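Remarks on the structure that follows.
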Amino acid sequence: MITAGIDIGSITAKAALIRDGKLAGTSLQFTGYHAAKAGNAVLETLLDRTGIRRDDIDIIVSTGYGRNSVDFADKAVTEITCHGAGAHFIDPEIRFVVDVGGQDSKVIKIDGTGKVIDFAMNDKCAAGTGRFLEVMARALEADLDDFGRISAEADAPAAISSICTVFAESEVISLISRGESRQNMIAGIHESVASRISAMARRVGVTPPVMMTGGVARNQGVVRALESRMDAEIRVSPHAQLNGAIGAALLAARMQ
Amino acid sequence: MADNQKKHDPAKKAPKIQAVSRMKEIMTNYYIDAKTAREQGKKVAWITSGGPVEPLIAMDVIPVYPENHGAMIGASKMGAQLCEKAEEMGYSRDLCSYARADIADSVQKTGPIGGLPEPDMLVCCNNICGTVLKWYETAARYYKVPLFILDTPFVHTEFSDSARKYVLSQIYEYIAFLETHCGTKMNYDRMEEVGRLSVEGTGLWQAVLDTCAHRPAPMTAFDAFFHLALIVTLRGTRTAVDYYRQLLDELNQRIADGVSMVPDEKYRLLWDNLPVWYKTRWLSEKFAAHDAALVADTYTSAWSGMLPDMGGQTFLEAMAETYTKVYINISIDRMFDIVANMIEKYQVDGMVMHSNRSCKPYSLGQYDLRQMIMDRLGVPTLIIEADMVDERAFSESQIDTRIDAFMETLKS
């Protein structure tokens, strides 16, 4: 049986194919303006890549903030449930998932089968999300991909508030004018993101082992800061950005 | 179209509650009465929602509730505009949206009823929050009318004897205040009669809410939010007693006929905190699409706690106690006991807490309460962030995802 999962995030659209319980392929592209079109395009790319025909797909599950705009999906499931299923598939030991995406950060407690026990999501604010890091990268004229490496060289992370993205940006600008090192500012930004997420995680109650997913998991600086604040080792998913799509495809398989 | 929930099927909609039209008629008459009080030679007192209204009724003063007005503003989706107006006037955005909307409408008079009837006096009881003190002081300055403040101490563990004496002495000061400003003496026989009607009315209101213990529930908390208006505004009157008797009969008939408000009720939820007044329909349809009924809530039941506390006391003594022990003036341990009791009584599968940006005393402690409910009772609990009146604090897609995810957890 072949099933597909489509995850429409605020920044990227992801697709995953599961064939007979195994991951058959994934693809990722920018979401852009049209969530529905992005869902179709990301699936087409994946079909081209794997040689699987659309008719061969038995069930499609959509997820992510644009889940209800994927009109060809058989069912929409929230990213919370999908991330739980995805993390369990990648590493069955995982009992806690930290997902930090473009506009959402969430923590999910799961049981030994990948079923969600409890979850929490960020409030109406971009602080503690990928968007926050993007804004900071722009203010610092730095490449976001280099953030993890640069922050490893910090000697004293700068204090940057986690209350509001816009305020944090003005704090960074005044730190720049005071001559603070880029390393310390970026490390401070990571601490700011981590403090917000770890508070949310503690609210739910951290149950290791912890897996981190979402685009921000690619940033080693945030991962290190989170490990220290959550007092737990974090396993970064090898498919960090694709975890939701993989989970959706797995849930589709269970619908049979 | 992908969807993880059923489409709303109007054909499957439960028949409406017939009493609604009678309720609207009563509320219209009530506001006409209040707005024409001067022509009738009657006085109007503004009073907080949790304030002891019975002495006003006994003195033939028309009680008017700025909070009920706030709810109407919210339901009419006029909240954001009036809140913005209050912010222009210098009030903080962090101030309660009932207070902001009401203060702005005192000046602007563009709300759903063109402004509340002006008060002759104000009665403020701080059993519901501290904001009302400043809100009513503002109103007292604006309308240049006398203000009576009834101070109810917080109940950490028990309602102590000193608290009882303290509140009861203020009840007599309250009556003296009314006698001074009405120019007539209190008729204590009439006071006891109003008290009896109040006890009867709140008892009937509890009986109305209790019909939801039946599976499936003949109404939901969204209906309770609407039918609540009379027990708030006309508590202690024959009108309220008669109305709730009519409503109770109708709900019992619905049970007998097997009529449920959510057509395929499968999941039973408990709601905490005030309604999101401008989104009640959206939320109601959202939960119904998941076959979930909100069978009870901590908010509307706050007006039904009078009966068990009567004991051998006079009405005024019982009043001092019950008004001090309202749901948001008690410790979290007592709140937990109440919630645990409701979870059992209404056979609840999950709880939905509205973390209400406006109502700090109601929202403070919700995370601890949630943890207690999940740890001790194993009942899944969801928190959604919103505001009762200010639509600007509501993010539909975020709340949509949280509810869907919560329901997926309940169903799995």
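Since this is a predicted model, take the numbers as computed values, not measurements. Protein chains get the first letters and strands the later ones, always in sequence-line order, with residue 1 at the start of each.
At a 4.5 Å heavy-atom cutoff, A/Ile60 makes no contact with chain B through either its backbone or its side chain. Interface residue B/Leu382: only side-chain heavy atoms are found under 4.5 Å from chain A. Neither the backbone nor the side chain of A/Tyr65 comes within contact range of chain B; no heavy atoms are under 4.5 Å apart. Using a 4.5 Å cut-off between heavy atoms, B/Ser397 does not touch chain A at all. Neither the backbone nor the side chain of A/Gln103 comes within less than 4.5 Å of any heavy atom of chain B.
Other residues, nucleotides and ligands contribute only 12 or fewer heavy atoms inside 6.0 Å of the CG atom of A/Asp231. Other residues, nucleotides and ligands place more than 12 heavy atoms under 6.0 Å from the NZ atom of A/Lys115.
Partners of B/Phe154 by ring pair (Phe, Tyr, Trp, His ring centres under 6.0 Å), not counting sequence neighbours, listed by chain and number: B/His156. B/Phe336 meets the ring pair (Phe, Tyr, Trp, His ring centres under 6.0 Å) test with no other residue; sequence neighbours excluded.
Judged purely by atom type and a 3.5 angstrom limit, B/Tyr362 uses its side chain to pair as donor or acceptor with the backbone of B/Tyr299.
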